[in-house]
Amino acid sequence: MAMMLEKQGNPLILKDIDIPHINDKEVLVKVIACGVCRTDLHIIDGELTNPKLPLVMGHQIVGKLVKKGKGVRDFEVDDLIGIPWLGYSCGSCKFCKTGKENLCDHAKYTGYSIDGGFAEYAKAHHKYVFKIPKNFDPVAAAPLLCAGLIGFRAYNMVRDSELIGIYGFGSAAHILTQIAIYEKKKIFAFSKRGDEESVKFARNLGVYWSGYSDESPPKKLDAAIIFAPAGELVVSALKVVDKGGKVICGGIHMSDIPSFPYKILWEERMIKSVANLTKDDGIQFFKLAEKANVKTKTTIYKLDELNKALDDLRQGHLVGSAVIKI
Ligand SMILES: [Zn+2]
Ligand SMILES: [Zn+2]
């Protein structure tokens with residue numbers, strides 16, 4: 001069974017589908033859990049164009065390896081496996097050759113250009129999957145595969161900073177905050193005006209300051225990471241970072257950034273986006289997540305409740321991450 005997207009703009013439909021066939025380089029995974037991501041909404045809504053159709057979405061997959069191709073030596077049957085967003089890179093373009101396969105010209109993405117994990121079974125190329133540490137619960141680990149990984153890639157860009165703002169306190173933010181606090185950073189959490197739940201949630205995670213995104217924090221920040229898909233936050237963040245500060249946009253899609261006076265970018269402030277992930281990000285991240293003893297807050301849904309989970313994410317009714325348990 002799988003939840004299928006047949007046409008962008010339409011709700012997903014539960015369908016009976018065949019178990020995927022694997023080639024020599026692939027692994028077949030019996031899905032245990034698959035996290036829901038804002039990118040899934042961007043695919044349904046058509047903000048990301050030309051998905052494979054019909055499509056099984058879902059790119060935060062945790063499952064048990066049940067079968068592997070002849071050429072797969074780095075994993076064994078029964079291993080707990082994580083399948084992330086990046087599902088293929090060509091290995092020969094200028095980006096792949098310099099270790100930036102996240103920017104590959106011919107990349108394929110799980111749950112977008114290849115089928116993902118809102119299904120009983122999923123397959124993946126062995127080069128792009130991760131072994132999940134043994135002490136991790138599969139449901140709790142699912143949000144690490146995108147929210148965690150992309151959040152980590154964004155964090156790596158500001159890791160030399162001490163005072164870090166995070167805009168949009170959802171799935172990625174709550175994982176990243178635990179890692180940053182483990183590394184002795186001071187986190188300033190910015191939530192949408194009126195979203196008291198998020199303000200409290202951030203406070204309970206031990207952030208240095210928690211407030212609304214139109215407020216000024218008590219100190220100038222060294223850097224800010226934006227996870228909410230609202231372009232005006234880039235301007236808000238530029239106003240609160242200090243000279244030389246970085247503003248990182250962590251999402252795959254964002255509404256237009258309004259024009260702003262050059263003065264707030266002046267003095268070597270910079271704006272940068274984060275795209276996808278590399279295998280090396282994943283290896284570093286899972287080691288660190290284990291050391292920092294990252295705990296995710298999840299809301300569990302059944303496979304046929306996926307439309308509801310997506311709706312709850314859209315309405316902002318979630319604290320932490322939505323995970324489909326198969
Ligand atoms: Zn994602
Ligand atoms: Zn490439």
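All ligand and atom numbering here is 1-based and tracks the order in the structure. Note that the coordinates shown come from a computational prediction; the quantities given were computed from them, not determined experimentally.
A side-chain contact (heavy atoms from CB on, under 4.5 Å) with Val129 is found for one member of Ile83, Leu65, Thr110 and no other, namely Ile83.
For the pair SG of Cys93 and SG of Cys90, the angle at the Zn ion (ligand 2) is about 110°; rounding is to 10 degrees. In this structure, SG of Cys37 and SG of Cys146 enclose an angle of 130° at the Zn ion (ligand 1), rounded to 10°.
Taking a 6.0 Å sphere around NZ of Lys279, one finds it holds more than 12 heavy atoms contributed by other residues, nucleotides or ligands. No more than 12 heavy atoms of other residues, nucleotides or ligands lie within 6.0 Å of NZ in Lys108, so this atom counts as exposed by the packing criterion. The local environment of CG in Asp18 is sparse, with at most 12 non-hydrogen atoms from other residues, nucleotides or ligands closer than 6.0 Å.
Contact annotation: Cys96 places an N, O or S atom under 2.8 Å from the Zn ion (ligand 2).
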